[in-house]
Protein chains: 2
Amino acid sequence: MLETTNERAAMPAVSAAQGRTATSGGAQRRRAGRPSAAVLDKAGITAAALKLVSRKGYDGLTMAALAKVLDVAPSALYNHVASKQDVLLLVEDHLMSLVDVSGFGSDSWEDAVRAWAWSYRDVFAEHTPLIPVIAVLPVTDAPQTLAMYETVSKGFSDAGFPQDRIIPSIVALESFIFGSAYDVTAPEDIFDAGSMAESTPYFTAAVRSSASGQDAPAGQERGRPADTAFHLGLEALIAGFGAIRK
Amino acid sequence: MLETTNERAAMPAVSAAQGRTATSGGAQRRRAGRPSAAVLDKAGITAAALKLVSRKGYDGLTMAALAKVLDVAPSALYNHVASKQDVLLLVEDHLMSLVDVSGFGSDSWEDAVRAWAWSYRDVFAEHTPLIPVIAVLPVTDAPQTLAMYETVSKGFSDAGFPQDRIIPSIVALESFIFGSAYDVTAPEDIFDAGSMAESTPYFTAAVRSSASGQDAPAGQERGRPADTAFHLGLEALIAGFGAIRK
DNA sequence: ACCACTAAATGAATGGCATTCATTTATTTA
DNA sequence: TAAATAAATGAATGCCATTCATTTAGTGGT
């Protein structure tokens with residue numbers, strides 16, 4: 001959406017005839033020089049990066065690997081993005097469009113925030129390496145991100161929040177969401193005290209009883225431990241912020 | 001504290017005579033082979049890593065730079081740590097000892113949590129690159145971290161929390177704290193919509209009014225925007241969790 | 001007192017990484 | 001039609017974590 005979004009369409013006939021060396025077969029090299037039809041654009045780079053991440057994780061997202069998926073030399077990427085950070089930014093902005101803001105405008109403020117927060121957390125739990133990027137990067141050239149903030153801001157405003165409390169409330173919720181996204185990826189045994197269990201009786205007891213709590217005693221969250229904590233914190237924040245409204 | 005903590009003391013006389021090549025001057029090379037007195041230990045590596053981070057930031061924390069500070073070949077580090085992750089873990093555990101848990105046992109639960117959370121956030125705001133490490137890493141061989149959890153767990157228990165709610169509550173608070181630590185490092189203009197300001201009226205208005213709010217209208221937080229959001233969220237969580245106690 | 005073992009250092013690779021630059025070719029613009 | 005610009009290749013560059021062979025020094029067992 002940032003530019004003329006080429007939609008990743010190729011003209012196989014022409015480009016195969018002009019852009020490839022003679023020796024047939026799938027993985028041929030393109031000859032040097034500008035090709036007749038552009039091979040790369042931001043939308044294509046973003047899509048390829050997402051595919052790569054879903055297949056190999058963020059460790060597998062290297063400029064070299066990205067270039068290979070796009071069948072291009074690594075240096076070619078730099079005609080379209082300034083750096084790898086730039087690629088991460090493209091991915092991040094795309095992911096923001098997956099966050100559910102549909103509740104704002106239809107549901108109650110509480111329900112809209114609930115749906116938004118859970119989907120926001122779920123999206124970034126799969127993409128935690130982006131969190132340091134998002135948390136610090138200006139929103140300026142991230143249109144989807146901006147669109148999300150606009151919808152949420154309007155939702156808060158319509159719900160009766162005073163102007164000057166809207167951003168701080170959203171920021172606090174986001175902070176909780178980002179932290180909770182990490183929590184989802186934590187290993188099961190993260191709180192295993194190991195050999196030091198004897199010297200940490202209160203902690204060890206608490207860990208034990210939180211892990212083996214009774215299963216779903218009517219309307220209670222019971223799934224991954226991360227879900228219990230997220231539910232607990234989110235409801236506290238919603239209750240607390242709900243009281244701000246006039 | 002993990003082992004016989006050498007305290008970084010050196011025996012200049014002996015080591016200078018036996019461990020150095022003849023050519024005098026400060027930056028001489030040690031000759032190959034095991035030195036009479038061990039040069040490295042975990043405490044020393046931790047201290048050097050912290051010094052390096054405070055001087056050059058986390059980008060400057062490389063195994064090579066760390067080795068240089070310790071006047072050692074990079075490969076020597078691997079006799080004491082298995083990887084760079086291991087170094088980060090040492091640093092992380094050290095930082096946990098800086099978190100203020102002194103309120104638990106003396107102050108009210110609310111005040112103890114307040115002091116704990118603010119100091120926790122402040123410590124890691126200076127060390128955000130560690131957050132992905134902490135959030136996912138088992139607590140097993142991190143004694144200071146474990147000690148912190150023990151104190152906090154006891155505080156919650158003494159305050160009347162049901163056993164099975166203690167860990168989820170702490171996890172939710174930590175999630176909020178980690179996310180908020182990132183927020184502290186965000187640039188001032190992070191919410192600048194730039195050229196798209198016209199298409200995001202609600203968001204833009206909210207940003208403007210949160211930035212230029214009236215200054216400290218009696219007991220209100222007014223400092224960095226991050227502090228406003230942190231205060232707001234923390235008080236909501238404390239109020240919400242406080243109601244859990246019997 | 002000797003000998004095998006282990007611990008702790010050096011120094012020289014290794015392979016992966018993001019990024020840059022000179023060069024080539026095609027398209028767009030003046 | 002000539003100059004400028006855009007988009008590709010391919011060959012560096014420099015940094016990084018990590019490994020390995022080698023050297024030297026202390027340690028435990030007989």
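Throughout, protein chains are lettered first and strands after them, A, B, ... in sequence-line order, and every chain is numbered starting at 1.
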Peer 1: Nearest whole angstrom, please: distance from the C1' of dG16(C) to the NZ of Lys56(A).
Peer 2: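 Nearest whole value for this atom pair: 15 Å.
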Peer 1: Quick one: are Phe124(B) and Met96(B) in side-chain contact, heavy atoms under 4.5 Å?
Peer 2: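 They are in side-chain contact.
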Peer 1: How does each nucleotide of nucleotides 9-17 of chain D score, in 5' to 3' order, for protein heavy atoms under 4.0 Å: base (B), sugar-phosphate only (S), or none (-)?
Peer 2: BB-----SS
Peer 1: List the residues meeting side-chain contact (heavy atoms from CB on, under 4.5 Å) with Thr62(B), not counting sequence neighbours, and say none if there are none.
Peer 2: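 So Thr62(B) forms a side-chain contact (heavy atoms from CB on, under 4.5 Å) with Ala64(B), Ala65(B).
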Peer 1: When you compare the side chains of Glu174(A) and Tyr149(A), does any donor N or O come within less than 3.5 Å of an acceptor on the partner?
Peer 2: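 The criterion, which ignores hydrogens and geometry beyond distance, is satisfied for Tyr149(A) and Glu174(A).
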Peer 1: Determine: side-chain N/O of His80(B) to OP1/OP2 of dA9(C), distance under 4.0 Å, yes or no.
Peer 2: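 Yes, within the criterion.
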Peer 1: Just do the side chain to side chain contact (heavy atoms under 4.5 Å, CB included) check on Val171(A) and Phe191(B) with the steps written out, would you?
Peer 2: CA-CA 11 Å; Val171(A) 167; Phe191(B) 285 138; 3.7 Å; yes
Peer 1: In terms of relative ring orientation, are Phe230(A) and Trp118(A) parallel, tilted or perpendicular, with 30° and 60° separating the classes?
Peer 2: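 The rings of Phe230(A) and Trp118(A) stand perpendicular, inter-plane angle above 60°.
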Peer 1: How far apart are the closest heavy atoms of Leu173(A) and Leu234(A), and which atoms are they?
Peer 2: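 Shortest heavy-atom contact: CD2-CD1, 4.0 Å.
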Peer 1: Between the protein and nucleotides 1-7 of chain C, which nitrogen or oxygen pairs are less than 3.5 angstrom apart?
Peer 2:
| residue | atom | partner | partner atom | Å |
| --- | --- | --- | --- | --- |
| dA7(C) | N3 | Arg34(B) | NH1 | 3.3 |

Peer 1: Under a 3.5 Å threshold, yes or no: a donor from one side chain and an acceptor from the other, between Thr145(A) and Asp93(A)?
Peer 2: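 Asp93(A) and Thr145(A) do have a side-chain donor-acceptor pair below 3.5 Å.
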Peer 1: Between P on dA6(D) and CG on Asp41(A), what's the gap in Å once rounded to a whole number?
Peer 2: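 These atoms are roughly 16 Å apart.
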Peer 1: Closest approach of Leu232(A) and Ser169(B), non-hydrogen atoms and distance?
Peer 2: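 For Leu232(A) versus Ser169(B), the nearest heavy atoms are CD2-OG, 3.5 Å.
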